[in-house]
Amino acid sequence: MFSKALIIALAASPLVAAHGKIAVMTGDAGGNTTGLGIQGGVVPGPGTNKVTEVDTTVFNSKAAASDGLGKTKAGPNTLAGMSAVMAQSGNTLAQVSPNGGSLTGTVHIVTTDGAGPYSAIVDPTGTGAFSTGTKLDVTTQVPGTKGNIAAPKQRGLITRTLVNFGIVKRASNVNEDYPIAIAVPAGTTCSGSVGGQSNVCLVKIVNPSGAGPFGGVIAMQMAGGAAPAAAPAAA
């Protein structure tokens with residue numbers, strides 16, 4: 001049993017806000033992409049929060065089925081940012097089989113509140129209207145409980161329990177990659193236009209962290225339906 005003084009001292013340790021981000025997503029029919037706002041290799045893995053968390057997305061609402069694209073340290077994510085996303089992935093988007101396909105990729109857990117389980121919601125309008133979207137089945141899940149995971153050096157039972165109760169300070173950095181897979185049901189259609197592409201759906205991938213929630217938004221197309229967006233009509 002911990003002494004009262006020890007518990008008080010440990011409880012005084014500040015909790016560290018934490019993040020998880022969508023590093024890469026690939027469609028079962030080809031193509032790849034990453035989350036809006038991701039800056040790529042210029043952001044280090046290990047290090048202090050102020051340098052490792054700058055491109056992780058946090059959403060405004062705790063409800064997964066809520067509208068919006070989230071924000072990073074750079075400001076709100078916008079659809080205009082999809083051009084930068086495509087430039088990082090060879091000007092492609094994830095291509096998903098229309099008869100029932102999937103998305104597979106990597107969630108990078110930056111710090112301990114960026115863990116699973118993750119939810120996925122598809123918005124066929126490609127506008128960020130996830131409140132009217134469809135929840136997708138996450139078939140390969142990121143580990144975690146309520147968005148939390150113990151840091152590598154905190155995975156013993158006693159320390160993990162103290163972390164879960166907020167008595168011991170969470171680690172400032174996890175820096176681990178985990179696979180994620182998401183099933184996309186047959187008959188899914190996409191009608192959005194982003195990054196110079198039409199027939200685009202947006203997929204929100206988000207964890208339930210009380211400090212966030214964290215995750216990201218990616219764009220996909222149904223294979224065979226991809227096409228450049230129509231140019232605006234002349235005035």
Side-chain angles (χ1 to χ4, degrees), residues 20-39 55-72 74-98 100-107 118-139 180-207 212-230:
K21 59 187 178 183
I22 312 304
V24 64
M25 293 297 293
T26 300
D28 69 292
N32 67 90
T33 189
T34 189
L36 270 172
I38 296 296
Q39 296 180 24
D55 65 344
T56 56
T57 290
V58 58
F59 295 100
N60 292 328
S61 175
K62 305 299 181 184
S66 56
D67 296 339
L69 305 175
K71 62 184 178 180
T72 69
N77 291 328
T78 67
L79 291 180
M82 196 60 71
S83 295
V85 168
M86 292 187 68
Q88 293 187 67
S89 58
N91 291 314
T92 66
L93 292 176
Q95 304 294 306
V96 177
S97 298
S102 63
L103 294 162
T104 57
T106 301
V107 171
Y118 275 74
S119 299
I121 300 173
V122 61
D123 162 32
T125 70
T127 61
F130 297 108
S131 63
T132 56
T134 300
K135 187 173 181 178
L136 302 178
D137 184 20
V138 179
T139 56
I180 189 170
I182 301 165
V184 180
T188 299
T189 59
C190 301
S191 60
S193 295
V194 300
Q197 296 288 311
S198 61
N199 304 319
V200 176
C201 287
L202 295 181
V203 179
K204 179 180 183 180
I205 304 168
V206 58
N207 83 347
F214 304 108
V217 173
I218 65 105
M220 72 172 196
Q221 293 171 309
M222 306 311 294

> Who passes side-chain contact (heavy atoms from CB on, under 4.5 Å) against Lys71, sequence neighbours left out?
Replying inline: Val58, Asn60
> Which residues pass the side-chain contact (heavy atoms from CB on, under 4.5 Å) test with Cys190, sequence neighbours left out?
Replying inline: Cys201, Met220, Met222
> Who are the side chain to side chain donor-acceptor pair (under 3.5 Å) partners of Ser66, not counting sequence neighbours?
Replying inline: Lys204
>> Apply side chain to side chain contact (heavy atoms under 4.5 Å, CB included) to residues Ile180 and Val138 and explain how you reach the verdict.
In response: CA-CA 7 Å; Ile180 189 170; Val138 179; 4.0 Å; yes
Looking at [X] and [Y], what are the two nearest heavy atoms and their distance?
{"X": "Leu103", "Y": "Ala94", "value": "CD2-CB, 3.7 Å"}
{"X": "Gln95", "Y": "Ala223", "value": "OE1-CA, 3.9 Å"}
{"X": "Ala64", "Y": "Val206", "value": "CB-CG1, 3.8 Å"}
{"X": "Thr139", "Y": "Ala183", "value": "CG2-CB, 4.1 Å"}
{"X": "Leu202", "Y": "Leu69", "value": "CD1-CD2, 3.9 Å"}
{"X": "Asn199", "Y": "Gln221", "value": "O-CG, 3.3 Å"}

> Taking the side chain as C-beta and beyond, is there a heavy-atom pair between Leu93 and Met86 under 4.5 Å?
Replying inline: yes
> Is there a side-chain contact between Phe214 and Val107 (heavy atoms, below 4.5 Å)?
Replying inline: no
Show the atom names and distances, to 0.1 Å, of all donor-acceptor pairs under 3.5 Å that link a side chain in residues 129-137 to residues at least two apart or in another chain.
from   : atom 1 : to     : atom 2 : distance (Å)
Ser131 : OG     : Asp67  : OD1    : 2.8
Ser131 : OG     : Asp67  : OD2    : 3.2
Thr132 : OG1    : Ala129 : O      : 3.2

Donor-acceptor pairs under 3.5 Å, side chain of residues 30-38 to any protein atom, not counting sequence neighbours: which ones?
from  : atom 1 : to    : atom 2 : distance (Å)
Thr34 : OG1    : Ile22 : O      : 3.0
Thr34 : OG1    : Ala23 : O      : 2.7

> So among Val200, Val194, Asn77, which one has a side-chain contact (heavy atoms from CB on, under 4.5 Å) with Met82?
Replying inline: Val194
> Taking the side chain from Ser89 and the backbone from Thr92, do they hold a donor-acceptor pair closer than 3.5 Å?
Replying inline: yes
> Is there a donor-acceptor pair under 3.5 Å between the side chain of Thr57 and the backbone N or O of Lys21?
Replying inline: no
> Restricting to pairs with a member in residues 120-129, which pass side chain to side chain donor-acceptor pair (under 3.5 Å), not counting sequence neighbours?
Replying inline: Asp123-Thr125, Thr125-Thr127
>> Could you walk me through whether Ile205 and Ile218 satisfy the side chain to side chain contact (heavy atoms under 4.5 Å, CB included) test, starting with their C-alpha distance in whole Å, then the side-chain angles of each, then the deciding distance to 0.1 Å, before giving a yes or no?
In response: CA-CA 8 Å; Ile205 304 168; Ile218 65 105; 4.2 Å; yes
